[in-house]
Asker: 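Below: one structure in structure tokens.
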Amino acid sequence: GLTGCITFNDLNVKSLKVNIQDSMCEDAIHFVRTKGQIESVTVINTLADAIDADFSDLIFGNLDIFEAGNDCVDFSAGTYQIIKNKFHNCGDKGVSAGEGSIVLLDNSEIRGALIGIVSKDGSSVVIKEARLLNVDVCLAVYKKKQEYGTARLVSEDINCNSEKYFQRNGSHLSY
């Protein structure tokens, strides 16, 4: 049931640095029930998701992702903080937060994605600062799965080249 080329399962990590290139797995890097601090991650050219994290409590210092076939990062059911990121050419979403996850983004740059940042299914995303370029939809907030509540997305400082935003019934979007 592990989907990552590299999987961190039931671990505490400190000052972790990961570099991966040309991943052909469902997730280049997968965190499951992992806690701690990740100093840096670089993912170059991955078939699907670059980073997938489930049931984890993680602080990412610096994320660099280039050419993800699907989402650059996909968070579920945990607490996540990204201090600084540069995502280039995400096949679907730059940041996807779902299943009750709590995400804080700061100093975020996403260049190339269908949707820049998504909060769905009871998740809460706070964006301190983000620059989104070459995205079709800047921000989206919605409920996809019946078993979860509505989602919330708040942006304090966002610069996006698109004027498209998506908000579905009951979910909260502020930018």
Side-chain angles (χ1 to χ4, degrees), residues 1-11 13 23 25-36 38 41 43 46-60 63 65 68-83 85 87 89-106 108-110 112-128 130 132 135-156 158 160 162 164-175:
L2 301 177
T3 60
C5 283
I6 300 173
T7 299
F8 297 90
N9 193 13
D10 294 315
L11 294 172
V13 296
S23 160
C25 302
E26 182 177 329
D27 305 311
I29 303 168
H30 191 192
F31 295 95
V32 182
R33 292 180 305 275
T34 299
K35 295 181 181 186
I38 293 112
V41 175
V43 179
T46 181
L47 177 68
D49 290 351
I51 297 173
D52 191 327
D54 303 307
F55 311 105
S56 296
D57 183 6
L58 297 168
I59 298 171
F60 294 91
L63 296 179
I65 298 172
N70 197 34
D71 298 338
C72 278
V73 293
D74 185 356
F75 296 130
S76 297
T79 304
Y80 308 96
Q81 181 178 354
I82 299 176
I83 307 294
N85 70 277
F87 299 161
N89 299 324
C90 309
D92 190 11
K93 299 171 211 73
V95 176
S96 178
E99 299 177 352
S101 58
I102 298 169
V103 177
L104 174 66
L105 296 171
D106 196 5
S108 182
E109 179 182 303
I110 300 170
L114 292 177
I115 304 173
I117 301 168
V118 171
S119 180
K120 62 184 185 260
D121 300 329
S123 295
S124 178
V125 174
V126 174
I127 303 165
K128 293 288 188 183
L132 305 159
V135 298
D136 186 44
V137 176
C138 295
L139 306 173
V141 58
Y142 53 89
K143 179 179 170 180
K144 181 177 166 184
K145 298 178 179 177
Q146 289 183 9
E147 61 270 27
Y148 291 95
T150 56
R152 178 177 180 268
L153 193 153
V154 174
S155 176
E156 295 175 9
I158 189 163
C160 186
S162 174
K164 294 181 188 175
Y165 294 83
F166 179 76
Q167 178 182 7
R168 187 169 284 161
N169 48 350
S171 292
H172 176 79
L173 176 61
S174 173
Y175 58 95

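Here the structure is a predicted model, which means the values were calculated and not measured.
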Asker: Kindly indicate, with the supporting measurements, whether the criterion side-chain contact (heavy atoms from CB on, under 4.5 Å) is fulfilled by Phe75 and Ile82.
Answerer: CA-CA 11 Å; Phe75 296 130; Ile82 299 176; 3.9 Å; yes
Asker: Can you give me the closest heavy-atom contact between Phe87 and Leu63, atom names plus distance?
Answerer: CE2-CB, 3.8 Å
Asker: Taking atom CD1 of Ile59 and atom CG of Asp57, what is their separation to the nearest 0.5 Å?
Answerer: 7.0 Å
Asker: Search all heavy atoms of Thr46 against all heavy atoms of Ala68 and return the closest pair with its distance.
Answerer: CG2-CA, 3.6 Å
Asker: With the side chain counted from C-beta on, respond yes when Lys143 and Asp121 share a heavy-atom pair under 4.5 Å apart, and no when they do not.
Answerer: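 Side chain of Lys143 against side chain of Asp121, heavy atoms only: contact under 4.5 Å found.
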Asker: So which of Asp27, Asp52, Asp54 actually passes side chain to side chain contact (heavy atoms under 4.5 Å, CB included) with Asp74?
Answerer: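 Of the listed residues Asp27, Asp52, Asp54, the side chain to side chain contact (heavy atoms under 4.5 Å, CB included) partner of Asp74 is Asp52.
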Asker: So how far is it from Leu47 CG to Cys5 SG, rounded to the nearest 0.5 Å?
Answerer: 9.0 Å
Asker: Are any non-hydrogen side-chain atoms of Leu58 and Phe8 less than 4.5 angstrom apart?
Answerer: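 A side-chain contact under 4.5 Å is absent here.
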Asker: Ignoring hydrogens and geometry beyond distance, is a side-chain donor-acceptor pair present between Lys120 and Ser96 at under 3.5 Å?
Answerer: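 Short answer, yes.
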Asker: Applying side-chain hydrogen bond (donor to acceptor under 3.5 Å, both in side chains) between Arg152 and each of Ser171, Ser119, Ser123, Ser124, report the one that passes.
Answerer: Ser124
Asker: With a 4.5 Å cut-off on side-chain heavy atoms, are Ile127 and Leu139 touching?
Answerer: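 In contact.
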Asker: Looking at Tyr142, I'd like to know if its OH atom is crowded, meaning that more than 12 non-hydrogen atoms belonging to other residues, nucleotides or ligands lie closer than 6.0 Å.
Answerer: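 Count over threshold, so yes.
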Asker: About how many Å separate OG of Ser162 and CD1 of Ile115, when rounded to the nearest 0.5 Å?
Answerer: 10.5 Å
Asker: Which heavy-atom pair separates Ile158 from Tyr175 by the least distance, and what is that distance?
Answerer: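 Closest pair (atom of Ile158, atom of Tyr175, distance): CG2-CB, 4.3 Å.
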Asker: Fit a plane to each ring of Phe31 and Phe60, take the angle between them on a 0 to 90° scale, and name the class: parallel (under 30°), tilted (30 to 60°) or perpendicular (over 60°).
Answerer: perpendicular
Asker: Write out all pairs satisfying salt bridge (Lys or Arg N to Asp or Glu O under 4.0 Å) with one or both partners inside residues 89-106, taking only residues at least two apart or from two chains.
Answerer: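 Listed once each, the pairs are Asp71-Lys93, Glu99-Lys145.
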Asker: With rounding to the nearest 0.5 angstrom, report the OG1 to CD1 distance, Thr79 to Ile102.
Answerer: 4.5 Å
Asker: Nearest 0.5 Å, please: how far is CG in Leu173 from OG in Ser155?
Answerer: 8.5 Å
Asker: Quick one: side-chain hydrogen bond (donor to acceptor under 3.5 Å, both in side chains) partners of Ser174, sequence neighbours excluded?
Answerer: none
Asker: Flag the pair Asn70 / Glu26 as yes when at least one side-chain heavy-atom distance between them is below 4.5 Å, and no otherwise.
Answerer: no
Asker: Search all heavy atoms of Ala50 against all heavy atoms of Val43 and return the closest pair with its distance.
Answerer: CB-CG1, 3.8 Å
Asker: Given Ile110 and Asn85, is the side-chain contact (heavy atoms from CB on, under 4.5 Å) satisfied, shown in steps?
Answerer: CA-CA 8 Å; Ile110 300 170; Asn85 70 277; 4.2 Å; yes
Asker: Could you pull out the closest heavy-atom pair between Ser101 and Ser76, with the gap in Å?
Answerer: CB-C, 4.0 Å
Asker: Any ion pair linking Asp10 and Arg33 (charged N to carboxylate O, less than 4.0 Å)?
Answerer: yes
Asker: Tell me, with the steps shown, if Val125 and Ile117 meet side-chain contact (heavy atoms from CB on, under 4.5 Å).
Answerer: CA-CA 9 Å; Val125 174; Ile117 301 168; 4.1 Å; yes
Asker: Rounded at 0.5 Å granularity, tell me how far CG in Leu105 sits from NZ in Lys128.
Answerer: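 So the CG of Leu105 and the NZ of Lys128 are separated by 11.0 Å.
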Asker: Taking the side chain as everything from C-beta on, heavy atoms only, tell me whether Thr150 gets closer than 4.5 Å to His172.
Answerer: no
